[in-house]
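What you see is a predicted model, and the numbers here were worked out from it, not measured in a lab.
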Amino acid sequence: MTLIKSISGIRGTIGGHTGDTLNPLDIVKFTTAYATFIKGKKIVVGRDGRISGPMVRDVVCGTLVGMGYEVIDIGLATTPTTELAVRWHKADGGIIITASHNPTQWNALKLLNSEGEFLTAADGAEVLAIAEKEDFDYAPVEKLGRVIKDDTMNQQHIQSVLDLRLVDVEAIKARQFRVCADTINSVGGIILPDLFKALGVDFEILNSECTGQFAHNPEPLEKNLQGIMDKMRHGGFDLGIVVDPDVDRLAFICEDGKMFGEEYTLVSVADYVLENSQLSTLNSQLSTVSNLSSTRALRDVTEKHGGKYTAAAVGEVNVTTKMKEVGAVIGGEGNGGVIYPESHYGRDALVGIGLFLSSLAQKGLKASELRKTFPDYQIAKNRIDLTPETDVDAILVKVKEMFAADPEAAVNDIDGVKIDFPTKWVHLRKSNTEPIIRVYSEAQTMDEADALGKQLMQVVYDMQ
């Protein structure tokens, strides 16, 4: 497996030949390049529960000390906790050691700026260029840095959620929810029990031990969640809650054991925030943002409240950039990523849980009843495998030109090509790491969505 380098950091599997995977030499090189780019004095480091986490942390922290940095090691922590810790410590940046929803053999370095947000494309490209040159300067012995441990960030994160104006702690406590959560044997098993206790929620945690031995495929998709879905059908719970290993993605399961729909995590939270937006002084404009591959239901819900929806290119930094540009009150990604600016500009499952439970409590609804209040769409996900020499960009240009004159189609090319029809859409994006085109399509039934995707796939095949 080749080491994957991108503007957001580096990612790979642990073990193997030098240069083939994420090894200590690469970790030193890219940590040094990042520290060189930051030109600061203090960096926060946090990690998820992966087996390789302690090794990667030791290499990262040792390298930063060698660069003369004060390292704030917050230990086992979620991605949003680490992002917030950068701000709270007034640090110059942060490194999150996590491969997010990837399997246990993977790990990665995710790089943050002084706001606790992911680097921009330009900044990430500069880090990669510095790493490529390997022209590094380390600190003299008398100016070596140091590592300071801080185990208070989880509690501070929880308190920040409780302090949010739209998290109705008293209503949640009064509802006396009983929830079941699957924390995949990572850091969610450490922080979610304390969040539930603070909210007065009775809970049971599945896969609660932070061992890094993931109990199932860690991506929070229905096909991977049969265990908690079965538990929900017979356990008498009000809500099922699923997070990924670094707790930035969030999926809900209804009281009857059926998926709420990962795409609808953001939709439901946005609906609650929008209808209570007069309580927020963050921004008077009712505006939302999600990426181009997310459900149209967010647009529908936004317009229902008299607001304006804007689409961004895929990628968290693209979504947050667009949110700042339009002054969005809520935004995120359809993969269960809720970004609530009143807290911070990062996907945060804890914030999503607080807002979702507040909505359920205030409305007096069951999760399945709440789900029925939203427009119902289905997304089909397909892919087109291509040869390495295929000119993917030329293909996407041809697709755009084919539909540009269609009065029924609105074409968006800020990230691949998305074609919006009155009752459905299809989005084609090239992969940055392999010769494929991802084809996402949405309609009111799965059959219709899949048919639309297959139609566009045939268009591409006919071009070759």
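Below 30°, between 30° and 60°, or above 60°: for Phe203 and Phe196 the angle between ring planes is between 30° and 60°, a tilted geometry.
Formation of a donor-acceptor pair under 3.5 Å by the Gln105 side chain with backbone atoms of Thr13 is not found in this model. Thr63 places no side-chain N or O within 3.5 Å of a backbone atom of Val28 that could act as its donor or acceptor partner. For the pair Thr82 (side chain) and Thr78 (backbone), a donor-acceptor distance under 3.5 Å is present. A donor-acceptor pair under 3.5 Å is formed between the side chain of Arg178 and the backbone N or O of Gly235. With hydrogens and angles disregarded, a donor-acceptor distance shorter than 3.5 Å links the side chain of Thr104 to the backbone of Gly212. Asn291 places no side-chain N or O within donor-acceptor distance of the main-chain N or O of Glu333, the cut-off being under 3.5 Å. Between the side chain of Asp244 and the backbone N or O of Pro218, no donor-acceptor pair lies under 3.5 Å. Checking side-chain atoms of Arg47 against main-chain N and O of Ile74 turns up no donor-acceptor pair under 3.5 Å. Using modelled atom types, no side-chain atom of Glu342 and backbone atom of Leu164 make a donor-acceptor pair closer than 3.5 Å. With hydrogens and angles disregarded, no donor-acceptor distance shorter than 3.5 Å links the side chain of Asp393 to the backbone of Leu396.
For Gln362 and Tyr272, the side-chain atoms include at least one donor-acceptor pair closer than 3.5 Å. In this structure, a donor-acceptor pair under 3.5 Å is present between the side chains of Ser290 and Tyr309. Between Asp248 and Thr79, the side chains place no donor N or O within less than 3.5 Å of an acceptor N or O (distance only, hydrogens not considered). For the residue pair Asp194 and Gln155, a side-chain donor N or O sits within less than 3.5 Å of a side-chain acceptor on the partner. Side-chain contact, Asn107 with Ser52: a donor N or O sits under 3.5 Å from an acceptor N or O. Arg87 and His344 share no side-chain donor-acceptor pair at under 3.5 Å. There is a side-chain donor-acceptor pair under 3.5 Å between Asp182 and His216. Looking at Asn23 and Thr21, their side chains never bring a donor and an acceptor atom within 3.5 Å of each other. A donor-acceptor contact closer than 3.5 angstrom is absent between the side chains of Asp168 and Ser358.
Note that CZ of Phe374 is 10.5 Å distant from CG of Leu298, once rounded to the nearest 0.5 Å. Note: Lys258 NZ to Arg371 CZ = 11.5 Å, rounded to the nearest 0.5 Å. In this structure, CD1 on Ile38 lies 7.5 Å from OG on Ser114, to the nearest 0.5 angstrom. With rounding to the nearest 0.5 Å, the separation of CG in Leu266 from CD1 in Ile330 is 6.5 Å. Taking NZ from Lys173 and CG from Leu357, the interatomic distance works out to 13.0 Å, rounded to the nearest 0.5 Å. Here the straight-line distance linking atom CZ of Phe118 with atom CD of Glu316 works out to 5.0 Å at 0.5 Å rounding.
Between His427 and Leu292, some side-chain heavy-atom pair lies under the 4.5 Å cut-off. Taking the side chain as every heavy atom from C-beta outward, Phe177 and Leu360 approach each other to under 4.5 Å. Two residues are said to be in side-chain contact when any heavy atoms from C-beta on lie closer than 4.5 Å; Asn224 and Glu219 meet this criterion. Annotation: side chain of Asp348 is not in contact with side chain of Ile339 (no heavy-atom distance under 4.5 Å). Residues Ile353 and Val161 form no side-chain contact, since every pair of their non-hydrogen atoms from C-beta on lies 4.5 Å or further apart. Annotation: side chain of Thr302 is in contact with side chain of Leu274 (closest heavy-atom distance under 4.5 Å). Looking only at side-chain heavy atoms (C-beta outward), Phe214 and Arg50 come within less than 4.5 Å of each other. Annotation: side chain of Val317 is not in contact with side chain of Tyr345 (no heavy-atom distance under 4.5 Å).
Tyr69 does not carry Lys42 over the face of its six-membered ring by the limits of under 6.0 Å from the centre and within 45° of the normal.
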**OP:** Would you please test Glu262 and Asn335 for side chain to side chain contact (heavy atoms under 4.5 Å, CB included) and show each step?
**Re:** CA-CA 6 Å; Glu262 194 183 26; Asn335 61 9; 4.2 Å; yes
**OP:** Apply side chain to side chain donor-acceptor pair (under 3.5 Å) to Asp230 and Gln226, showing your working.
**Re:** CA-CA 6 Å; Asp230 288 342; Gln226 293 308 308; over 6 Å; no
Subject >> Steps toward side chain to side chain contact (heavy atoms under 4.5 Å, CB included) verdict (Ser160, Trp88) >> reply: CA-CA 11 Å; Ser160 74; Trp88 292 331; 4.0 Å; yes
**OP:** Show your working on ring pair (Phe, Tyr, Trp, His ring centres under 6.0 Å) between Phe356 and Phe260 and close with a plain yes or no.
**Re:** CA-CA 12 Å; Phe356 188 87; Phe260 190 83; 5.2 Å; yes
**OP:** List the steps and the verdict of side chain to side chain contact (heavy atoms under 4.5 Å, CB included) for Phe237 and Lys231.
**Re:** CA-CA 9 Å; Phe237 296 98; Lys231 185 86 172 178; 4.0 Å; yes
**OP:** Before giving the answer on side chain to side chain contact (heavy atoms under 4.5 Å, CB included), spell out for Val392 and Leu386 the whole-Å C-alpha distance, their side-chain angles and the decisive distance to 0.1 Å.
**Re:** CA-CA 8 Å; Val392 181; Leu386 305 165; 3.6 Å; yes
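Between Glu70 and the options Arg146, Lys41, His89, a side-chain hydrogen bond (donor to acceptor under 3.5 Å, both in side chains) holds for only Arg146.
Minimum heavy-atom separation, Ile158 to Ala198: CG2-CB, 4.1 Å. Nearest heavy atom pair, residue Asp246 against residue Val187, reads CA-CG2, 4.3 Å. Considering every non-hydrogen atom in both Pro245 and Asp48, the closest pair reads O-CB, 3.6 Å. Heavy atoms only, all atoms of each residue included: Gly49 and Leu76 are closest at CA-CD2, 3.9 Å. Across every non-hydrogen atom of Leu239 and Met232, the tightest pair is C-CE, 3.4 Å. The minimum heavy-atom distance between Thr387 and Pro435, with the atom names listed, is O-CB, 3.9 Å.
Taking the charged nitrogens against the carboxylate oxygens, Asp135 and Lys133 have no contact shorter than 4.0 Å, which rules out a salt bridge. Under the 4.0 Å criterion applied to side-chain N and carboxylate O atoms, Arg383 and Asp385 are assigned as salt-bridge partners. Salt bridge absent: Glu255 and Lys366 never bring a charged side-chain N and a carboxylate O closer than 4.0 Å. Salt-bridge formation is not detected for the pair Arg296/Glu442: no Lys NZ or Arg NE/NH1/NH2 atom is positioned less than 4.0 Å from an Asp or Glu carboxylate oxygen. A salt bridge does not link Glu132 with Lys29: every distance from a Lys NZ or Arg NE/NH1/NH2 to an Asp or Glu carboxylate oxygen is 4.0 Å or more. Classification of Asp271 and Lys363 as a salt-bridged pair holds, one side-chain N sitting under 4.0 Å from a carboxylate O.
Judged as a salt bridge (charged side-chain N to carboxylate O under 4.0 Å, His left out), not a single pair has a partner in residues 88-116 (not counting sequence neighbours).
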